Amino acid sequence: MTRRKLVVGNWKMNGSRAANAELLAGLKAAGPWVGEVAVCSPAPYLGEVALSLQGEAIHWGAQDVSAFESGAYTGEVSAAMLAEFGCHYVIVGHSERRAYHAESDQLVADKAKAVLAHRMTPIVCVGETLAEREAGQTAEVVKRQLSAVIHTLKSCISQVVVAYEPVWAIGTGKTASPEQAQEVHALLRAQLQAATEHAGDMKLLYGGSVKADNAADLFSRADIDGGLIGGASLKAVDFAAICRAAG
Ligand code: 13P
């Protein structure tokens with residue numbers, strides 16, 4: 001089974017119109033890559049990012065979405081709005097949203113459903129905290145998080161990308177070792193296999209302090225199909241090097 005690798009930049013709450021333009025210009029000049037590449041910008045910049053990437057082999061996505069279709073949800077952005085601009089990916093359930101916005105497993109699943117309903121691809125994030133890992137609960141936590149999404153999407157689960165992001169590795173410089181990451185990815189793949197016959201075609205990304213010098217080793221593992229990149233996606237040379245490592 002050869003799955004095309006995917007590298008997604010999650011800019012988080014970073015950037016400016018000028019910085020984004022410089023970053024995108026650098027990326028466009030650095031490509032094309034063998035694998036697929038995407039960037040997820042903050043909501044206000046999405047339209048501008050979409051324009052800048054027109055005709056380019058770089059997809060763009062959002063970092064969050066409302067689970068609701070439309071209506072009185074001040075401050076929220078709907079899946080229909082993102083789809084209208086040609087959005088490709090939507091990150092849902094990032095640990096920062098689970099932690100700072102109290103997003104539950106079910107809300108994350110509902111968001112994934114809203115994204116699919118508008119023919120975009122959800123990138124569903126799962127991952128354990130340091131305390132959970134130290135308590136030996138890693139498998140239990142990621143299975144619970146993924147199970148809510150499987151239960152809600154049923155056979156449509158095959159249309160999502162799953163990102164394993166151990167919370168203790170995000171922005172800390174502490175990457176999960178390729179063995180640690182592969183171990184969890186294999187568990188997630190097995191869980192997906194029980195839910196869909198297409199699990200072997202699904203992309204499972206690793207995220208958490210991925211850098212140019214550790215990306216190739218991580219991406220070479222059997223069930224690691226690319227990465228979700230935070231800090232290192234903000235500089236074109238760094239992100240381009242990671243994209244090359246997925247070649
Ligand atoms: P860092 O690459 O900065 O650790 O962030 C990972 C992440 O959270 C991507 O979504």
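Just follow the structure's listing: the first ligand is 1, and inside any ligand the first atom is 1. Quantities reported herein were computed from a predicted structural model and do not represent experimental measurements. Throughout, residue positions are numbered sequentially from 1 according to the sequence presented.
Under a 4.0 Å criterion applied to the non-hydrogen atoms of G208, ligand 1 contributes the atoms 4 (O), 6 (C). Close approach of ligand 1 to E165 is summarised as follows: ligand atoms under 4.0 Å from at least one heavy atom of the residue are 6 (C), 7 (C), 8 (O), 9 (C), 10 (O). The contact set between ligand 1 and G231, taken as ligand atoms under 4.0 Å from a residue heavy atom, comprises 1 (P), 2 (O), 3 (O). Each of the atoms 9 (C), 10 (O) of ligand 1 lies under 4.0 Å from some heavy atom of N10. When each atom of ligand 1 is checked for a heavy atom of G171 under 4.0 Å away, the hits are 1 (P), 3 (O), 4 (O).
Neither L6 nor L204 shares a network with the other; the hydrophobic side chains, linked directly or stepwise wherever heavy atoms of I, L, V, M, F, W or Y lie under 4.5 Å apart, form separate groups for each. Linking ILVMFWY residues whenever their side-chain heavy atoms come closer than 4.5 Å, directly or via other members, leaves V210 and V167 in distinct clusters.
In this model, no donor atom of one side chain and acceptor atom of the other lie less than 3.5 Å apart for D105 and Q145.
Taking 4.5 Å as the limit, some side-chain heavy atom of W11 sits within range of a side-chain heavy atom of Q63. Within the 4.5 Å cutoff, the side chain of Y206 has heavy atoms near those of the T175 side chain. At least one side-chain heavy atom of K111 sits less than 4.5 Å from a side-chain heavy atom of D64.
Only one option out of K203, R4, R3 pairs with D225 in a salt bridge (charged side-chain N to carboxylate O under 4.0 Å, His left out); it is R3.
Among protein heavy atoms, atom 5 (O) of ligand 1 sits closest to K12 NZ, 3.3 Å.
With a 4.0 Å cut-off on non-hydrogen atoms, A169 touches ligand 1 through its backbone and not its side chain. Counting heavy atoms closer than 4.0 Å to ligand 1, residue L228 contributes atoms from both its backbone and its side chain.
Within the set C40, G230, A232, S233, the minimum heavy-atom distance to atom 2 (O) of ligand 1 is found for G230.
Between T172 and ligand 1, a contact under 3.5 Å exists for no N or O pair.
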